[in-house]
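See below for the structure under consideration.
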Amino acid sequence: MSEALIDIRGVRHAYRTASGPLPVLDGLDVSVPEGGFVAVVGPSGCGKSTLTRLIAGLMKPDEGEVWLHGSRVTSPRSTVGMAFQNPVLLEWRSILKNVLLPLEIVPTKLSKADGEARARHLLKLVGLEGFEDKRPSELSGGMRQRASLCRALIHQPEVLILDEPFGALDAFTREDLWQIMHALKAEEPFTGVLITHDLRESIFLADRVVVLSGRPARTQYVLDVNFKGPRDIDHLYTPEAAEMLNTLRHQIEIAQGRTEAGHAA
Amino acid sequence: MLRKIAVPVVACIVFLAFWEFLVWANGWPNYVMASPSDLPAAYTKFWNLFLVMGWQTLWRTVLGLLIAIVFGVFLGMIMGFSRTMRDALYPLLVGFNAIPKATVVPIVALMFVGAHDFNTVLIAFMISFFPIAVSVSIGLSTLEPEYRDILRSLGASQATIFWKIALPKTLPEFFGALKVAVTLAFIGTNLMEIVSPHGRGLGALFDSGKTNSDYPLMFAVLIALAFLGIVLYYVVVALEKIFAGWAERPQG
Ligand SMILES: Nc1ncnc2c1ncn2[C@@H]1O[C@H](COP(=O)(O)OP(=O)(O)OP(=O)(O)O)[C@@H](O)[C@H]1O
Ligand SMILES: [Mg+2]
């Protein structure tokens with residue numbers, strides 16, 4: 001229990017809407033060990049983004065607890081980095097200045113020069129060397145997403161939360177970014193939570209996959225990924241991968257209510 | 001750069017030449033339409049009046065506009081951040097803006113009779129704050145939640161979010177509105193100057209040209225007004241280039 005960096009226990013949450021409360025999370029349990037990388041998959045609209053907002057402390061759950069590094073999350077904290085499907089870069093800043101933004105907010109030990117050196121290093125790591133002074137609109141979608149990853153990591157967060165960051169990219173760019181994620185993970189000691197719709201992405205990047213049921217979501221299934229650490233795209237074409245994907249796909253079908261639980265094919 | 005200056009200058013010359021030609025070809029006398037060649041005489045005769053009155057029109061317009069900016073941005077912030085305030089204030093604001101200002105001018109002129117500076121600044125302000133308030137409120141209320149979340153998840157305060165993201169992101173809309181507002185404020189100033197008895201400013205000079213049937217003077221005032229209006233407008237454009245130049249997409 002104590003070694004879990006992120007610990008979500010029995011979380012329930014409902015949005016108050018014009019047409020009454022909309023229960024979104026209903027008894028969710030997820031725990032991620034320090035340095036781990038968990039992928040969360042589930043039907044569309046089941047509450048995955050809501051989960052990320054709870055971990056980030058942007059909202060408080062109606063019931064249950066979210067723990068981060070041994071303390072209860074009740075408000076945002078600077079040890080979290082976030083990236084979304086929309087890279088949300090600020091158009092009036094250069095790429096470098098965009099990456100540096102979190103350092104202007106959070107208390108940091110880095111000096112201005114060190115921060116900039118770190119930003120340049122991260123940008124180089126994701127293949128954006130030479131684009132530091134460009135405007136976001138001068139970059140492609142994949143490049144913007146890479147810059148957004150650098151921004152999420154610049155302040156050395158303990159936890160990196162990724163909400164479908166590669167969802168809007170084409171297949172080749174996405175696979176590129178998967179490799180980049182592994183390169184970043186090898187250098188940066190973050191604990192990761194990845195929301196995704198792509199089952200291949202989930203087993204390629206994470207070491208544990210959590211399947212959420214349809215709304216209101218609870219933890220339906222947890223799969224431990226057999227491969228650990230950096231991996232190659234070839235891994236996705238092994239029999240083990242095929243088996244994991246099969247299991248996950250089946251679980252998603254259950255979550256969507258298309259297949260009855262227990263009547264496994 | 002040369003092209004940028006040459007094109008409008010040539011356009012002006014063509015316009016003046018066409019005007020001169022029109023008056024000459026139709027044989028219009030001065031009291032129907034003065035021609036550009038009559039204007040230098042009017043300017044040399046009244047140059048000190050033009051300077052004094054022009055300055056009065058200018059400073060009152062600018063002061064009214066500055067107040068409109070402060071008030072409009074404040075109002076826009078309130079409406080942009082609070083849904084309730086937006087719902088409450090919008091109808092009021094639209095109703096206020098719908099009143100033709102030409103009807104307000106004589107009322108204000110009579111209400112504060114003799115207080116020319118105050119009257120004029122007031123009208124310039126009243127006529128021009130609306131687009132600023134609306135643009136700021138729309139800019140703030142349409143800020144995508146992810147932009148907020150990026151900073152909020154780091155523990156940034158509302159004030160930080162406003163300065164770092166909401167404000168700069170709203171600047172292009174703000175300057176768009178300011179271009180409209182500066183023209184409106186200018187119109188407001190002149191309306192008041194013309195209507196208000198014994199007024200000051202270029203509007204009053206126009207009025208005295210009318211009472212004395214000095215038609216070249218009236219046209220000279222019109223040209224001076226156009227000139228001032230252009231100057232004000234391009235000052236805003238220059239400020240926009242400095243503060244919101246990033247919003248200009250590279251042409252391709
Ligand atoms: N601020 C809100 N107010 C009311 N309802 C909301 C709000 N945010 C989300 N919801 C609702 O809660 C449900 C879960 O939303 P959430 O964004 O967490 O889903 P998701 O799993 O991330 O979906 P997707 O896979 O499409 O991104 C949805 O039905 C959505 O309509
Ligand atoms: Mg989502």
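Given the structure is predicted, the values throughout are model-derived calculations rather than measurements.
- At a heavy-atom separation below 4.5 angstrom, chain B is approached by A:P76, A:R77, A:S78, A:V80, A:M82, A:F84, A:N86, A:V88, A:L89, A:L90 within residues 73-90 of chain A.
- For B:L171, no part lies near chain A; criterion is any non-hydrogen pair under 4.5 Å.
- Other residues, nucleotides and ligands contribute at most 12 non-hydrogen atoms within 6.0 Å of the NZ atom of A:K97.
- With sequence neighbours excluded, no residue forms a salt bridge (charged side-chain N to carboxylate O under 4.0 Å, His left out) with A:E201.
- Within a 6.0 Å sphere centred on OH of B:Y233, heavy atoms belonging to other residues, nucleotides or ligands number 12 at most.
- Shown here is B:R3, whose CZ atom has no more than 12 heavy atoms of other residues, nucleotides or ligands within 6.0 Å.
- No more than 12 heavy atoms of other residues, nucleotides or ligands shown are found within 6.0 angstrom of CE on B:M85.
- In this structure, B:Y147 places its OH atom where more than 12 heavy-atom neighbours from other residues, nucleotides or ligands lie under 6.0 Å away.
- Separating the CD atom in B:E146 from the CG atom in A:D163 is a distance of 8.5 Å, to the nearest 0.5 Å.
- Taking the ring-ring contact (aromatic ring centres under 6.0 Å, His included) definition, one finds that A:Y15 meets it with A:H13, sequence neighbours left out.
- Around the NZ atom of A:K134, the shell of radius 6.0 Å holds no more than 12 heavy atoms that belong to other residues, nucleotides or ligands.
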Item to check | Pair A:W92-B:K169, side-chain contact (heavy atoms from CB on, under 4.5 Å): steps then yes or no | outcome: CA-CA 8 Å; A:W92 55 94; B:K169 204 162 175 2; 3.8 Å; yes
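- Using a 4.5 Å heavy-atom cut-off against chain B, the contacting residues of residues 98-113 of chain A are A:L101, A:P102, A:E104, A:I105, A:V106.
- Within the 4.5 angstrom heavy-atom criterion, only side-chain atoms of B:T160, from C-beta onward, approach chain A.
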